Amino acid sequence: MTGYEIKYIRTGSGENKKYDTVTLWENDPMEFEHGIETAHNLTDILHLFEIIAAKYWGTYETQHSIVNIEKIEIHA
C-alpha cells in the first residue's frame with residue numbers, strides 16, 4: 001500500500017508559520033458529496049488534499065501550502 005505524508009502550512013498562521021501533517025493513502029475510498037473517490041497516484045492525492053481541506057476542515061489550504069511530501073510504502 002502506498003501513502004503520502006503531507007506537511008503543509010496552516011491557513012492564517014501568519015509570519016509564525018504553523019505546520020500540520022496529514023497522511024493520505026492510494027486506493028483508500030473517500031466519500032464526498034458527488035460520490036466515492038480513490039486516489040491512484042500523487043496527482044490524485046493532491047486533488048483530494050484540496051477537497052478535504054475545503055469540505056471537511058473548512059480551510060483554504062491548496063497544493064501551494066504543501067512544504068514536504070514523503071512517500072510511504074507498506075508491504076503486507
Side-chain angles (χ1 to χ4, degrees):
M1 179 177 245
T2 302
Y4 297 90
E5 185 175 87
I6 301 171
K7 182 178 180 183
Y8 61 95
I9 299 170
R10 292 176 50 192
T11 299
S13 61
E15 267 185 50
N16 297 328
K17 295 186 179 357
K18 294 179 183 171
Y19 298 92
D20 210 343
T21 304
V22 64
T23 303
L24 302 176
W25 297 91
E26 288 183 3
N27 301 316
D28 192 13
M30 301 178 130
E31 189 170 344
F32 295 100
E33 295 168 356
H34 57 278
I36 295 176
E37 286 193 34
T38 58
H40 302 288
N41 54 47
L42 181 56
T43 303
D44 293 347
I45 291 288
L46 294 175
H47 175 70
L48 287 178
F49 173 80
E50 291 181 343
I51 291 172
I52 291 167
K55 299 286 183 190
Y56 293 100
W57 302 337
T59 62
Y60 299 100
E61 279 90 0
T62 66
Q63 59 185 327
H64 302 292
S65 65
I66 296 172
V67 293
N68 191 42
I69 299 175
E70 289 188 35
K71 188 175 185 177
I72 301 167
E73 294 283 344
I74 296 178
H75 302 283

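Just the heavy atoms: all of them, side chains too, but no hydrogens, waters or symmetry mates, feed the values below. Since this is a predicted model, take the numbers as computed values, not measurements.
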TODO: Look at the rings of Y8 and W57 and say which category their plane angle falls in: under 30° parallel, 30 to 60° tilted, over 60° perpendicular.
DONE: parallel
TODO: Taking the side chain as every heavy atom from C-beta outward, state whether I45 and I69 have any pair of such atoms under 4.5 Å apart.
DONE: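 I45 vs I69: side chains apart.
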Task: 4.5 Å side-chain heavy-atom contact, V22 and I52 - done: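 Heavy-atom side-chain distance check fails, nothing below 4.5 Å.
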TODO: Only counting residues at least two apart or in another chain, list the ones meeting side-chain contact (heavy atoms from CB on, under 4.5 Å) with T11.
DONE: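 Partners of T11 under the side-chain contact (heavy atoms from CB on, under 4.5 Å) test: T59, Y60, E61.
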TODO: Not counting sequence neighbours, list each pair that qualifies as a salt bridge (Lys or Arg N to Asp or Glu O under 4.0 Å) and has a residue in residues 6-16.
DONE: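 Qualifying pairs, neighbours excluded: none.
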Open item on the list: Just to verify, what does K71 make a salt bridge (Lys or Arg N to Asp or Glu O under 4.0 Å) with, not counting sequence neighbours?
Closed with: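 In terms of salt bridge (Lys or Arg N to Asp or Glu O under 4.0 Å), with neighbours along the sequence ignored, K71 is linked to E73.
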Hey, what do you get for [atom1] ([X]) to [atom2] ([Y]), rounding to the nearest 0.5 Å?
X   : Y   : atom1 : atom2 : result
K55 : L48 : NZ    : CG    : 13.0 Å
H64 : I9  : NE2   : CD1   : 12.5 Å
D44 : I51 : CG    : CD1   : 9.5 Å

Open item on the list: Hydrophobic cluster membership, with links at side-chain heavy-atom distances under 4.5 Å among I/L/V/M/F/W/Y: are Y56 and I6 in one?
Closed with: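 Yes, one cluster joins them.
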Open item on the list: Once side-chain hydrogen bond (donor to acceptor under 3.5 Å, both in side chains) is applied, what residue pairs with a partner in residues 16-28 remain, sequence neighbours excluded?
Closed with: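 Pairs touching residues 16-28 that pass the test: Y4-E26, N27-H40.
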